[in-house]
Amino acid sequence: MDALATDTLEAARRLVGARLVRGSGPNARIGRIVEVEAYIGRTDMASHARSGPTRRNATMFGPPGHAYVYLVYGMYHCLNVVTEPDNKPAAVLIRAVEPLAGIEEMRLARSERLAARGTGRGRSEATPGSAAAPRPSDARLASGPGLVCVVFSITRADDGVDLCDPASDLRLEQASEGDDLGDDAGENLIVATGPRIGIDYAPEPWLSNAWRFFVPGSPSLSGRNRAHPVIGRKR
DNA sequence: GCAAAGATTTGCT
DNA sequence: GCAAATCTTTGCC
């Protein structure tokens, strides 16, 4: 992955269609990134960098290509790809991934997390009448920033990892023509833009800036029944 | 030093 | 559609 040191909006657009990979060999988990958001500089009032460097966001101020992983709402992790040169805090949040390989490993990671601690309200107590949660489709396994980290087993331990190093257990790769995973990261990929999600606390123009990039129509986009209006098409 | 909210997800009302 | 789970960081006293 190159060009991560350049303009963050350009980097975000290029990350859509790229692959997120965990591990190697037959058990490797591979997914195609279908939704991202850009967080740019200390002036971005929606960015964690708005209040300067802290223990949590230190990686954002470091070199590009590394993973910035943080804990949100005390229960979910979120993965970002650091962009821009050293000392310029910026990153691209990976919001949704379309699973391509290692599906069973991903399901295993999800179930392990559920076993560790119930999720959401009213966990366990084995409600007699309630049915078990329905099995999500493959496409919905990583349909949100928190879920991406769940199925790829990403935690704060991955903070700072060089995602561009082929030797990293967690890394970014371009779609290769050799395999037949069937994804497309080429010039033909359509990328739409829209405002970022979950930043209602931010003032304008940050609230409405179209700094979210996604593959329109992808079944793996974030949100339960969230609409993903196509505001603009690029590439 | 303490209160409040957050780049989320889920199940129940 | 709403509230809960859960903990780090931020803002105010």
Side-chain angles (χ1 to χ4, degrees), chain A residues 8-9 11-12 15 33-61 67-83 89-97 106-107 109-137 139-152 154-159 193-203 206-214 220-228:
Chain A
T8 299
L9 294 180
L15 279 171
I33 297 170
V34 296
E35 183 181 349
V36 303
E37 282 177 1
Y39 290 84
I40 311 172
R42 299 185 55 158
T43 54
D44 181 356
M45 293 308 285
S47 172
H48 287 164
R50 64 185 182 277
S51 298
T54 66
R55 177 179 291 274
R56 175 173 72 160
N57 67 19
T59 315
M60 280 187 83
F61 290 78
Y68 165 44
V69 182
Y70 65 89
L71 184 65
V72 69
Y73 294 111
M75 44 169 37
Y76 288 100
H77 289 278
C78 289
L79 170 67
N80 298 255
V81 180
V82 176
T83 58
V92 175
L93 169 69
I94 308 300
R95 284 195 60 88
V97 165
M106 294 180 184
R107 290 192 180 279
R110 258 182 90 128
S111 60
E112 281 178 349
R113 183 189 178 287
L114 280 173
R117 51 172 118 149
T119 176
R121 176 180 145 177
R123 51 200 180 207
S124 60
E125 286 281 330
T127 346
S130 66
R135 194 174 195 252
S137 66
R140 304 297 300 165
L141 284 176
S143 57
L147 295 176
V148 168
C149 288
V150 168
V151 304
F152 281 89
I154 298 168
T155 67
R156 272 291 277 178
D158 295 295
D159 186 65
T193 65
R196 293 173 292 180
I197 292 170
I199 57 162
D200 292 343
Y201 57 87
W206 319 113
L207 179 60
S208 299
N209 278 345
W211 286 357
R212 184 166 63 104
F213 300 79
F214 59 99
S220 302
L221 293 180
S222 71
R224 212 150 121 194
N225 293 305
R226 181 181 298 143
H228 289 272

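Order of the sequence lines fixes the chain letters, A, B, ..., with proteins taken first and strands second; residue numbering starts at 1 for each chain.
As rounded to whole Å, 9 Å separates atom C1' of B:dT8 from atom CZ of A:Arg226. Taking atom CG of A:Leu141 as the reference point, atom P of B:dT9 lies 13 Å away to the nearest angstrom. Atoms CD (A:Glu37) and P (B:dA7) sit 10 Å apart, rounded to a whole Å.
Comparing the same atom, C1', in C:dA3 and in B:dA5 gives a spacing of 15 Å after rounding to whole Å. Rounded to whole Å, the separation between the P atoms of C:dG11 and B:dA7 comes to 12 Å. Straight-line distance between the P atoms of C:dT6 and B:dC2: roughly 23 Å, to the nearest whole Å. For the P atoms, the distance from B:dT13 to C:dA5 is 14 Å, rounded to whole Å.
The backbone N or O of A:Glu37 sits nowhere less than 3.5 Å from a side-chain atom of A:Arg95 that would complete a donor-acceptor pair.
Put simply, the residue from A:Ile199, A:Thr193, A:Leu93, A:Asp44 that forms a side-chain contact (heavy atoms from CB on, under 4.5 Å) with A:Trp211 is A:Asp44.
Listed candidates were C:dT8, B:dT9, C:dT10. Nearest to the side chain of A:Thr54 is C:dT10.
Considering only heavy atoms from C-beta on, A:Leu207 comes within 4.5 Å of A:Asp200 through its side chain. Counting only heavy atoms from C-beta outward, the side chains of A:Thr43 and A:Trp206 approach each other to under 4.5 Å.
Applying a 4.0 Å cut-off to non-hydrogen atoms, the residues of residues 41-53 of chain A that approach DNA chain C are A:Ser51, listed by residue number.
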Dot-bracket encoding per residue of DNA chain C, Watson-Crick/G-U cut-off under 3.5 Å, | denoting interstrand: |||||.||||||.
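Ring planes of A:Tyr68 and A:His48: perpendicular class, angle over 60° (limits at 30 and 60°).
Aromatic stacking of A:Tyr76 on B:dT8: not satisfied for centres closer than 5.5 Å together with planes under 30 degrees.
Residues A:Asp200 and A:Arg224 each lie close to DNA chain B; by heavy-atom proximity, the contact nearer the 5' end of the strand is made by A:Asp200.
Residue contacts for A:Asn57: at a heavy-atom cut-off of 4.0 Å it reaches no nucleic acid atom on any strand shown. Residue A:Ile199 is in sugar-phosphate contact alone, with no base atom involved, counting any heavy-atom pair closer than 4.0 Å across all strands shown.
Contacts of A:Arg140 classified as salt bridge (Lys or Arg N to Asp or Glu O under 4.0 Å), with partners at least two apart in sequence or in another chain: none.
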